[in-house]
Amino acid sequence: MPKATLPDGKDIQYKSGDSAAVIASFVGPRLAESAVAAEINGNLTDISAAPEGDVSLKFITGDTPQGLEVLRHSASHVLAAAVLRLYPSAKLGVGPAVEDGFYYDFKLPKNLNEDDLKPIEEEMAKIIQRDEPFERVVMPRGRAIEEMKKLGQDFKVEILEEIEDDEVSLYKTGDFMDLCRGPHVPRAGMLKAVKLTKVAGAYWRGDAERENLQRIYGTAFPTQKELDEHLKSLEEAKKRDHRLLGRQLDLFSFHEEAPGFAFWHPNGVALVTEIERFWREVHRQRGYKEVRTPAMLNEELWHRSGHYENYREYMYFTTSEGMKLALKPMNCPGTLLIYNSTKHSYRELPLRYAELGQVHRFEMSGVMHGLLRVREFTIDDAHIFCTLEQVTDEVKGVVDLIIFLLEKFGLTDYIVELSTRPTKSIGTDEMWESAEGSLYRALDEMKLDYKVSEGEGAFYGPKIDFHIRDCLKRTQQCGTVQVDFAMPERFEMTYIGPDNAEHRPVMIHRAALGSVERFVGFLIEHYAGLFPTWLAPVQAIVLPIVNRHHEYAGEVGRELEAAGVRYEVDTRSEKIGHKIRDATLRKIPYMLVVGDRECKDRTVAVRECGGTDRGSVSLDSFVREIGEEISSRLIKRR
RNA sequence: GCUGGUGUAGCUCAGUGGCAGAGCGCGUCCUUGGUAAGGACGAGGUCAUGGGUUCGACCCCCAUCACCAGCUCCA
């Protein structure tokens with residue numbers, strides 16, 4: 001008898017022809033009930049698949065990432081089946097499982113709104129209640145094309161025509177049949193907790209030139225409890241939203257008079273200033289020189305740089321006294337003019353010019369998102385000019401700097417991505433090959449995990465990007481490193497080598513935080529507004545209990561001032577509980593309550609935002625402590 | 001830019017084809033109270049903007065703008 005070896009090393013004897021489901025029932029009824037799929041010799045398959053001979057066998061349950069994906073993918077099929085029943089003329093796009101759920105794209109005779117989801121959900125519930133089986137059908141590709149043509153499923157035909165295999169698999173759920181690789185749950189009844197969440201538009205194949213389909217999003221979990229928890233955590237995440245906290249903490253605002261442009265309030269400026277001060281310190285230490293270039297430059301420059309050709313749609317233009325000007329969408333051309341204003345020796349290289357450069361980009365109206373996507377932002381930019389031999393080390397230096405900065409700000413959950421040459425680009429094949437090679441080399445030598453995105457590079461060079469997740473788990477780009485051979489060519493940049501001849505430098509564009517605005521957005525969401533003390537707009541607030549303590553409170557304030565602490569004194573005629581509540585809502589790290597005892601002993605009663613009442617501490621030692629916390633830029637766990 | 005949704009006081013939100021509402025915040029006064037909301041009174045609105053339907057529109061219709069979710073794009 002053949003045997004199946006389970007992950008724990010146990011062997012199960014089975015009869016040839018037994019499906020994985022049957023074998024699961026040998027192991028135990030609970031497993032047989034909860035396994036949504038199987039892995040036979042490492043290949044993910046349906047639980048109904050029958051192994052052959054001695055195999056390794058692993059059962060996939062809904063509570064594993066793989067199992068959850070199967071569950072959700074199956075839920076998307078049930079969604080499609082339900083939609084087809086309600087809208088028989090629906091044409092089906094694709095319906096994969098995604099990070100927090102699944103979606104399915106449809107072309108429908110009417111545009112759906114949120115209210116249309118309920119009847120669809122009810123139809124899905126019926127299918128689940130009937131426990132309709134998922135049946136796998138394998139057929140020659142040609143026949144599948146015929147079937148789909150008969151059903152009028154043009155999108156499926158398009159996909160099938162691009163598949164290279166001779167045989168394809170389809171899954172039948174009730175009277176619904178969909179092209180699909182699988183695997184799926186054996187029966188719809190295994191979907192215990194499914195919910196449709198939203199409708200949205202989506203382009204067929206993500207191409208804005210093609211049909212606009214309607215996408216229905218949903219999510220599924222093994223149990224209702226987990227679904228409820230997920231929905232609750234989404235609600236919690238909304239409370240971290242930087243747009244909400246930006247208003248609550250009085251950091252910034254947006255106005256109809258300038259859509260996509262942030263207005264920074266005093267609290268926000270305090271935060272930004274602190275970030276920039278630290279940034280300058282680190283860059284100085286790492287051999288960067290700071291430069292500053294104009295916001296508006298002659299349009300001719302942008303023709304020379306290639307921006308007009310490749311980036312025009314994101315640029316703002318204006319005319320003054322007949323001179324055509326453009327607001328800079330990037331800082332590089334300005335820096336190039338600085339480089340070219342003098343002759344350079346190889347001895348100067350690598351030359352690192354940093355710039356906190358304010359750029360303007362015309363973003364399409366639908367894409368703006370708080371501070372994370374704006375039309376004017378400050379790139380924490382730098383351009384490094386170096387020799388070909390220096391490129392890899394410089395890239396490594398930049399990657400190291402980015403990681404260093406992110407960690408100092410407490411952001412350790414990032415994704416690294418390498419992007420290669422896009423279709424719209426300048427420069428020769430050799431340049432691109434060499435540039436991409438040095439990026440791969442740098443990441444490999446630093447032993448970093450990264451993913452590769454083909455064709456996603458900048459028009460002038462390939463890049464390494466760092467991505468961070470926002471509160472709703474959407475990833476946003478922050479740091480970036482881009483190797484550029486083209487711009488030095490276009491601007492005829494040179495340096496004099498040891499051979500006394502002119503050579504072409506290589507240019508590295510890089511941003512560590514990405515944009516100061518976006519970065520502030522990340523920080524707000526990461527800390528839910530309760531910043532590390534060194535970043536907090538107001539670091540301590542003195543709370544006198546009654547009027548007679550105001551004088552001492554003022555003295556505490558003067559001590560804090562002398563130590564460089566950003567502080568306030570709350571002299572309102574409110575009860576102490578009220579003052580504490582207000583300071584807590586403003587997420588001020590330290591509350592210093594002063595009453596009779598404190599006045600007498602020259603102490604402060606320290607309460608940290610987050611709840612802990614530390615009792616009385618001598619004023620001197622508190623001032624020393626907070627001063628050290630700030631100057632060391634300590635990140636406390638709260 | 002595309003699909004769907006939302007725009008009422010500084011904020012969060014009720015509401016009706018016939019005089020515009022609440023809570024919080026804000027102002028004044030009272031209160032001086034030891035760790036998450038003390039009390040009284042008061043001010044605040046072209047109901048996003050522009051057209052239309054109607055005796056009459058914040059409400060119904062159309063357009064525009066902004067915002068929200070997603071698509072595309074991106075620091």
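The structure displayed is predicted, hence computed values, not measured ones. The chains referred to below are lettered A, B, ... by the order of the sequence lines, with proteins before strands, and numbering in each begins at 1.
- Within 3.5 Å, a donor on the side chain of A:Arg518 pairs with an acceptor on the base of B:C74, or the reverse.
- Syn is the classification of B:G44, since its glycosidic angle stays within 90° of 0.
- Cation-pi geometry between A:Arg312 and A:Tyr308 is met: the NZ or CZ atom falls under 6.0 Å from the ring centre, inside 45° of the normal.
- A:Val516 comes within contact range of no nucleotide atom at all, as no heavy-atom separation falls under 4.0 Å.
- Residue A:Lys463 is in sugar-phosphate contact alone, with no base atom involved, counting any heavy-atom pair closer than 4.0 Å across all strands shown.
- Spacing between atom NE2 of A:His369 and atom C1' of B:C71 amounts to 15 Å, rounded to whole angstrom units.
- Between the side chains of A:Thr219 and A:Asp100, no donor-acceptor pair of N or O atoms lies under 3.5 Å.
- When the C1' atom of B:C67 is taken as reference, atom CG of A:Leu372 falls 15 Å away, rounded to whole Å.
- Residue A:Arg581 has its side chain nearest to B:A36 when only B:A36, B:C65, B:U31 are considered.
- Applying the 3.5 Å distance criterion, the base of B:G1 shares no donor-acceptor pair with the side chain of A:Glu313.
- Electrostatic pairing of A:Glu456 and A:Arg421 does not count as a salt bridge here, judged by no charged N lying under 4.0 Å from a carboxylate O.
- Here A:Asp582 lies out of heavy-atom contact (under 4.0 Å) with every strand.
- Both A:Ile379 and A:Arg548 lie near RNA chain B, and the one whose nearest nucleotide falls closer to the 5' end is A:Arg548.
- Both A:Val593 and A:Leu244 sit near RNA chain B, but only A:Leu244 has its closest nucleotide nearer the 5' end.
- Using a 4.0 Å heavy-atom distance criterion, A:Arg215 is classed as a sugar-phosphate-only contact.
- The shortest distance between the side-chain N/O atoms of A:Arg243 and the OP1/OP2 oxygens of B:A69 is below 4.0 Å.
- Distance from the side chain of A:His578 is smallest to B:G38 among B:G38, B:G4, B:U32.
- Formation of a donor-acceptor pair under 3.5 Å by the A:Tyr527 side chain with backbone atoms of A:Phe522 is not found in this model.
- As judged by a 4.0 angstrom heavy-atom cut-off over every strand, A:Ala605 is placed among the base-contacting residues.
- For A:Ser365 and B:G1, the shortest distance from a side-chain N or O to OP1 or OP2 is below 4.0 Å.
- B:U54 sits 32 Å from B:G45 when the P atoms are compared, rounded to a whole Å.
- Taking atom P on both B:A48 and B:U6, the two are 13 Å apart, rounded to the nearest angstrom.
- The distance between atom CD of A:Glu99 and atom P of B:C71, rounded to the nearest whole Å, is 12 Å.
- If you check every strand for non-hydrogen atoms under 4.0 Å, A:Phe254 touches nothing.
- Across the C1' atoms, B:G10 and B:C26 are found 8 Å apart, a figure rounded to whole Å.
- Within 4.0 Å (heavy atoms only), A:Met591 reaches no atom of the nucleic acid at all.
- Within the 4.0 angstrom heavy-atom criterion, no nucleotide atom of any strand lies near A:Gln358.
- Ring to ring, A:His255 and A:Phe263 are close: their centroids are under 6.0 angstrom apart.
- Comparing the same atom, P, in B:C59 and in B:G1 gives a spacing of 26 Å after rounding to whole Å.
- With 3.5 Å as the limit, one finds a donor-acceptor pair spanning the side chains of A:Glu629 and A:Thr533.
- Contact annotation: A:Asn111 side-chain N/O to B:G4 OP1/OP2 distance is under 4.0 Å.
- Residue A:Arg247 places at least one side-chain N or O under 4.0 Å from the OP1 or OP2 atom of B:U12.
- A:Gly206 comes within 4.0 angstrom of the backbone, heavy atoms only, and of no base.
- For B:C13 and B:U72, the C1' atoms lie 34 Å apart once the distance is rounded to whole Å.
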- Symbol by symbol from the 5' end, with Watson-Crick or G-U pairs under 3.5 Å, [ ] crossing and | another strand, RNA chain B is (((((((..((((....[..)))).(((((.......))))).....(((((..]....))))))))))))....
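- Donor-acceptor pairing under 3.5 Å, judged by distance alone, is present between the side chain of A:Tyr203 and the base of B:G1.
- When distances are taken from the side chain of A:Glu363 to each of B:C71, B:U72, B:A75, the shortest belongs to B:A75.
- Distance, A:Phe263 CZ to B:C67 P: 12 Å, rounded to whole Å.
- With a glycosidic angle no further than 90° from 0, B:C19 counts as syn.
- Centroid-to-centroid, the aromatic rings of A:Phe459 and A:His307 come within less than 6.0 Å.
- Just one of A:Tyr314, A:Tyr316, A:Phe317 meets the ring pair (Phe, Tyr, Trp, His ring centres under 6.0 Å) condition when paired with A:Phe362; it is A:Tyr316.
- For A:Asp241 and B:A69, the CG to C1' distance is 12 Å, given to the nearest whole Å.
- For A:Pro259, the listed nucleotide lying nearest its side chain is B:C67; candidates were B:C67, B:A75, B:C65.
- The gap from the P atom of B:C47 to that of B:A20 amounts to 10 Å, rounded to the nearest Å.
- One N or O donor and one acceptor, one from the side chain of A:Arg373 and one from the base of B:C73, sit under 3.5 Å apart.
- Note on A:Tyr103: nothing from the nucleic acid sits closer than 4.0 angstrom, heavy atoms only.
- When distances are taken from the side chain of A:Val367 to each of B:C73, B:G34, B:A36, the shortest belongs to B:C73.
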- Message: Show, in sequence, the C-alpha distance, side-chain angles and deciding distance for A:Tyr311 and A:Arg361, and conclude whether the side chain to side chain donor-acceptor pair (under 3.5 Å) test is met.
- Response: CA-CA 10 Å; A:Tyr311 209 74; A:Arg361 295 184 185 175; 3.2 Å; yes
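- Spacing between B:A57 and B:G27 at atom C1', rounded to whole Å, works out to 34 Å.
- Ring centers of A:Phe221 and A:His230: under 6.0 Å apart, within the cut-off.
- A side-chain N or O of A:Gln482 and one of A:Thr480 form a donor-acceptor pair less than 3.5 Å apart.
- As judged by a 4.0 angstrom heavy-atom cut-off over every strand, A:Gly514 is placed among residues touching the sugar-phosphate backbone only.
- Nearest nucleotide to the A:Asn113 side chain, out of B:U35, B:U72, B:G4: B:G4.
- Between A:Tyr567 and A:Tyr590, the distance separating the two ring centers is not shorter than 6.0 angstrom.
- Both geometric conditions, a ring-centre gap below 5.5 Å and a plane tilt below 30°, are not fulfilled together for A:Tyr217 over the base of B:G70.
- Nucleic acid contact for A:Leu112: sugar-phosphate only, since backbone atoms but no base atoms lie under 4.0 Å from a heavy atom of the residue.
- Rounded to whole Å, the distance from CZ on A:Phe459 to P on B:C73 is 17 Å.
- Within the nucleic acid shown, A:Gly577 comes within 4.0 Å of sugar-phosphate atoms alone, with no base atom in reach, counting heavy atoms only.
- Nucleotides B:G51 and B:U12 are separated by 32 Å at their C1' atoms, to the nearest Å.
- Rounded to an integer number of Å, the gap from CD of A:Glu574 to C1' of B:G39 is 10 Å.
- For A:Arg205 and B:C71, the CZ to P distance is 18 Å, given to the nearest whole Å.
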